[in-house]
Amino acid sequence: MRIGITCYPTYGGSGAVATELGLELAKRGHEIHVISYASPFRLPGFAENVYFHGVDLSGTYPLLEYFPYSLALAVKQHEVALREKLDVLHVHYAVPHATAAFLAREMIGPDHPLKLITTLHGTDITLVGKEKSFFTVTKFAIERSDAVTAVSEYLRHETYKAFGCDKCGIKMIPNFIDLATYRPLEERPHAFGPPGTKVIVHTSNFRPLKRVPDVVRIFHRIRKTVPAVLVLVGDGPDRPEAEALVEQLGIQEHVRFLGKLNVVVDILQASDLFLLPSTSESFGLGALEAMACGIPVVASNVGGLPEVVIHGESGALHDPDDLDGMADSAVALLSDHQRWCAAREAAVTRAAVFSTDRIVPQYEALYREVVEG
Ligand code: GMT
């Protein structure tokens, strides 16, 4: 099949999932056309069957104080769909991608039956879609998609609740993980500290809902009992606050801010515990990546996280404000080797439920279903 994929190219789960999906579909013989304003961060230099089409952002004109990106995107989606004879346009994150794709499909008209699939990732529904100014247009674009998927049961339910759209027919297809890449190493590398030092890791885009300062607070509590370092991967609005807190607590030599990195697997493979105390998380792709590498996860029991992390098995889930509970669970895991090994095994087993081989065929089946009508 010829499949167009639109996503945000920036650091974030939706762009990562969209790109990994494109790469996996390309390996399975589909022709993939990625349409966005920049090459997604998970797209390598060259991959067979994968083509990138940049949205033209150069059309500045004094009158256009705000560049109409949604329109420029619709134009590019329309152009690529026609030229490459796309069967399906699969957009990730509803705002504004689904609306632009709707426009592209309308412009093509009935001669070329382009099918539109929208995958909802989280904040497009829980925050942005509910914003008054975006509500109607997001609901409209979702209802006019040929198929809609959500990455967790939680998000599927939230979408019905937020939009009350009985015509949406949302299918749940969870995020997936390539177990050949994300795997535990027999011989774990020692990194970030002397042998015996536990490595605690957090990866995110440091937006307020990720609560990176709370990651630091939890770590500070853990360190009172367990010798450990904290490795923070990513960047975003809360980094300055987290850096200031680290200084205020006097733990600078135990905390590493690594910034944005395209590849995190080697860091995960060298870590002992993943922290994710988010206030909201439709799925928690970072937690899945960590579990696949054999790292137990301590996180908040919100959104879709309980569908990914099994409390008491592959890690521990607590109320988002229960920082003591998260620190206690982390200490219990890190100071009892047998317990940690059991959680490591459970994490790998749980991650296998979301393997590429199990999940990607669900998207292929959906494409066939919409194309064959
Ligand atoms: O969480 C973010 O800040 C990024 C956001 C995105 O859209 O890129 O992530 C969302 O999609 C991911 C992939 O499906 C999910 O794993 C995240 O849980 C979800 N984030 C939220 O719901 C806050």
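In listed order, ligands and their atoms are each counted from 1. Start at 1 with the first residue, then count along the sequence.
- A salt bridge links Arg211 with Asp321; the closest basic N to acidic carboxylate O contact falls under 4.0 Å.
- Looking at Leu285 next to ligand 1, an N or O pair under 3.5 Å apart turns up.
- Side-chain contact check for Asn205 and Asp235: no donor-acceptor pair (N or O, by modelled atom type) lies under 3.5 Å.
- Scanning the protein heavy atoms around atom 10 (C) of ligand 1, the nearest turns out to be His121 O, 3.4 Å.
- Nearest protein neighbour of atom 7 (O) of ligand 1, counting heavy atoms only, is Ser14 OG, 3.1 Å.
- Residue Asn205 touches ligand 1 through its side chain alone, judged by heavy-atom distances below 4.0 Å.
- Looking at Ser280 next to ligand 1, no N or O pair under 3.5 Å apart turns up.
- The contact set between ligand 1 and Gly12, taken as ligand atoms under 4.0 Å from a residue heavy atom, comprises 8 (O).
- Between Gly122 and ligand 1, a contact under 3.5 Å exists for no N or O pair.
- For the 3.5 Å distance criterion, the side chains of Glu31 and His33 qualify, holding a donor opposite an acceptor.
- Checking each of Tyr182, Phe176, Phe283 against Phe354 for a ring-ring contact (aromatic ring centres under 6.0 Å, His included) leaves exactly one that passes, namely Phe283.
- At most 12 heavy atoms of other shown residues, nucleotides or ligands fall within 6.0 angstrom of atom CD in Glu345.
- Protein heavy atom closest to atom 22 (O) of ligand 1, with residue, atom name and distance, is Ser282 N, 2.8 Å.
- Using the six-membered ring where Trp is involved, Tyr93 and Tyr8 have ring planes that are perpendicular, over 60° apart on the 30 and 60° scheme.
- Residue His157 places its NE2 atom among 12 or fewer non-hydrogen atoms of other residues, nucleotides or ligands, all under 6.0 Å distant.
- For atom 2 (C) of ligand 1, the nearest protein heavy atom (residue, atom name, distance) is Arg207 NH2, 2.9 Å.
- The ligand atoms of ligand 1 that sit less than 4.0 angstrom from a heavy atom of Lys210 are 1 (O), 2 (C), 3 (O).
- Looking only at heavy atoms of the protein, atom 20 (N) of ligand 1 is closest to Glu281 OE2, 3.4 Å.
- Note on Asp324 versus Arg221: salt bridge recorded, some NZ/NE/NH1/NH2 to OD/OE distance being below 4.0 Å.
- The side chain of Asn175, and not its backbone, has at least one atom closer than 4.0 Å to an atom of ligand 1 (non-hydrogen atoms only; side chain from C-beta on).
- Residue-level proximity to ligand 1 for Leu155 is absent, since no heavy atom of it falls below 4.0 angstrom.
- Counting heavy atoms closer than 4.0 Å to ligand 1, residue Tyr93 contributes side-chain atoms (C-beta onward) but none from N, CA, C or O.
- Within ligand 1, the atoms closer than 4.0 Å to a non-hydrogen atom of Thr123 are 23 (C), numbered from 1 in the order shown.
- In summary, Glu48 and Lys27 do not engage in a salt bridge, as defined by a charged side-chain N under 4.0 Å from a carboxylate O.
- Listed by number with element, the atoms of ligand 1 under 4.0 angstrom from any heavy atom of Gly284 are 15 (C), 16 (O), 17 (C), 18 (O).
- Heavy atoms of His92 stay at 4.0 angstrom or farther from ligand 1.
- Ligand 1 has an N or O atom lying under 3.5 Å from an N or O atom of Gly13, backbone or side chain.
- Ion pairing of Asp272 with Arg344 is absent here, as no side-chain N (NZ or NE/NH1/NH2) approaches a carboxylate O to less than 4.0 Å.
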